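Worksheet for the structure shown next.
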Amino acid sequence: MESTRRGVLAGLLAAGLVPGAAGGAVAGGAVAVGPRPPASLLGHEIRRLPTSRKVLALTFNAAWDDSGVDTVLAELRSRRLKATFFPTGQFARDRPRAVRAMGAEHGLGNHSYSHPYFDGLSTGQREREVRRADTAIRAAAGTEPLPFFRFPYSSTTAESVADINRLGYAAIEFTTDTNGYLGPGGGMTVERVVERAVDAFAPGAIIQMHVGSTGDGVVLDAQALPRVLDAVRARGYGVVDLRAFLVPEERRGAGRRGERRSAGVLDVRGAPAHQESAVAGDRQRTVPGRPSRREPA
């Protein structure tokens with residue numbers, strides 16, 4: 001698995017799919033090894049990717065049951081698109097088959113072990129949550145997770161982001177949550193899920209969706225995904241793999257500021273979209289409108 005993963009990342013590099021200058025997380029007790037986030041993804045939470053191109057990233061959180069996992073994977077596979085999944089450690093422990101299926105085709109981030117509010121934890125407690133999740137995800141997937149962390153409830157502080165960065169992770173949040181996790185009982189419909197996703201389309205947008213249900217077995221995000229992807233194509237956007245924003249270990253420190261490279265982008269049919277990546281300095285930090293604490297993020 002490790003050799004396969006390194007081969008994928010080597011291929012991304014060879015194709016010029018790693019934008020930005022080399023950076024790297026602060027050393028010292030890091031969980032994440034191998035390819036690391038560039039400096040542009042550290043020091044703050046990421047709610048939009050550093051690019052001016054018409055691309056967006058698809059991400060899925062997993063913290064409940066595995067309803068909708070097979071549906072989402074099949075849809076992405078049929079279009080040859082890549083997403084990033086953020087399972088919790090408890091989800092990986094309880095549903096290893098689902099996490100292995102996700103990791104076989106897509107990148108895996110870290111969404112903590114037990115999904116607590118991180119702003120109420122000490123530095124040591126945050127580290128334990130991240131490390132336990134990392135161990136569980138590795139065991140379930142049989143591969144190395146990506147150095148991307150997503151805060152439960154999107155509950156971030158400058159201190160907690162710094163703690164995550166010290167462990168080797170970029171804090172990947174989102175431009176919008178589709179709110180599909182609320183389900184019909186929470187007033188959501190497939191139409192509203194699609195609308196929330198499409199309204200957030202912008203260069204570098206990060207769309208957050210969920211697999212699993214809160215008990216009713218309905219996964220609106222899985223039902224809405226084909227229409228969301230149709231809208232991506234209709235509006236001239238491509239889907240970018242978050243792995244394209246990593247700095248491979250063997251090339252760390254080799255990048256040059258301002259260097260332009262072709263982007264790691266697929267259109268919604270899975271064909272390479274030959275566009276140029278953004279230069280260093282074309283970076284946006286956050287998007288106004290942080291979600292409320294009630295969102296599971």
Side-chain angles (χ1 to χ4, degrees), residues 1-15 17-18 24-25 29-38 41 57-63 65-66 68-77 79-115 127-150 164 167-172 206 208-212 239-252 264 266 270:
M1 275 291 190
E2 180 60 21
S3 61
T4 299
R5 181 176 180 276
R6 288 187 180 278
V8 169
L9 288 163
L12 289 172
L13 178 64
L17 306 187
V18 184
V31 174
V33 297
R36 296 164 71 175
L41 298 185
L58 301 172
T59 66
F60 294 84
N61 293 356
D65 60 38
D66 57 6
V69 170
D70 291 342
T71 300
V72 167
L73 290 177
E75 184 65 27
L76 294 172
R77 188 182 308 118
R79 302 192 190 222
R80 293 187 292 163
L81 295 176
K82 297 299 180 182
T84 303
F85 289 79
F86 288 84
T88 65
Q90 288 180 336
F91 182 91
R93 178 200 66 193
D94 296 339
R95 296 168 177 84
R97 185 201 66 81
V99 172
R100 184 172 290 272
M102 295 170 185
E105 301 180 67
H106 305 277
L108 296 173
N110 185 317
H111 196 35
S112 81
Y113 186 79
S114 63
H115 208 278
E127 180 174 344
R128 284 191 291 275
E129 278 284 330
V130 175
R131 288 185 180 277
R132 287 187 71 192
D134 180 79
T135 298
I137 294 167
R138 287 173 186 269
T143 190
E144 183 181 329
L146 301 175
F148 295 140
F149 182 82
R150 175 164 284 167
I164 293 305
L167 292 172
Y169 292 84
I172 303 296
I206 304 171
Q208 174 170 279
M209 307 177 87
H210 292 77
V211 292
V239 174
V240 66
D241 189 339
L242 287 182
R243 287 175 288 193
F245 288 83
L246 291 175
V247 178
E249 177 104 25
E250 58 271 24
R251 288 291 298 273
R252 194 183 311 139
L266 298 176

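Note that the structure is predicted; figures quoted are calculated from it, not measured.
Here the shortest heavy-atom pairing between Ala92 and Ala140 reads O-CB, 3.6 Å. The two residues Gly168 and Pro37 make their nearest non-hydrogen contact at O-CD, 3.7 Å. Pairing each heavy atom of Ala136 with each of Gly89, the nearest pair is CB-O, 3.5 Å.
Side-chain N or O atoms of His106 include one that pairs as donor or acceptor with a backbone N or O of Ala83 at under 3.5 Å. The backbone N or O of Ser114 lies less than 3.5 Å from a partner atom in the side chain of Glu129, making a donor-acceptor pair. The backbone N or O of Ala57 sits nowhere less than 3.5 Å from a side-chain atom of Lys82 that would complete a donor-acceptor pair. No donor-acceptor pair under 3.5 Å is formed between the side chain of Asn61 and the backbone N or O of His210.
When side chains are defined from C-beta on, Leu108 counts as touching Val99, because their heavy atoms get closer than 4.5 Å. For the pair Pro145 and Asn110, the minimum side-chain heavy-atom distance is 4.5 Å or more. For the pair Phe91/Asp66, a side-chain contact is recorded, criterion being any heavy-atom separation below 4.5 Å from C-beta on. Within the 4.5 Å cutoff, no side-chain heavy atoms of His115 are placed close to those of Gln90. A heavy-atom distance below 4.5 Å is found between the side chains of Glu127 and Leu167. Using a 4.5 Å heavy-atom cutoff, the side chains of Ile137 and Pro87 are in contact.
Here the OG1-CG distance, from Thr84 to Leu58, works out to 8.5 Å after rounding to the nearest 0.5 Å. The distance from atom OG of Ser112 to atom CD1 of Ile164, rounded to the nearest 0.5 Å, is 9.0 Å. Atoms CZ and CZ, on Phe148 and Phe86 in that order, are 7.0 Å from each other to the nearest 0.5 Å. Note that the CD atom of Glu105 and the CZ atom of Arg77 stand 4.0 Å from one another [nearest 0.5 Å]. Between the CG atom in Leu76 and the CE atom in Met102 there is a gap of 11.0 Å [rounded to 0.5 Å].
Looking at Arg150 and Thr59, their side chains do bring a donor and an acceptor atom within 3.5 Å of each other.
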Can you list the steps and then say if Tyr113 with Arg93 is a side chain to side chain donor-acceptor pair (under 3.5 Å)?
CA-CA 9 Å; Tyr113 186 79; Arg93 178 200 66 193; 3.1 Å; yes

Please step through side-chain contact (heavy atoms from CB on, under 4.5 Å) for the pair Val247 and Arg36, ending with a clear verdict.
CA-CA 5 Å; Val247 178; Arg36 296 164 71 175; 5.5 Å; no

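Among residues two or more places apart in sequence or in another chain, the salt bridge (Lys or Arg N to Asp or Glu O under 4.0 Å) test is passed with Asp70 by Arg97. By the ring-ring contact (aromatic ring centres under 6.0 Å, His included) test, Phe60 is found to be paired with Phe85, residues two or more places apart in sequence or in another chain being considered.
When the shell of 6.0 Å around CZ of Arg132 is examined, it contains 12 or fewer heavy atoms from other residues, nucleotides or ligands.
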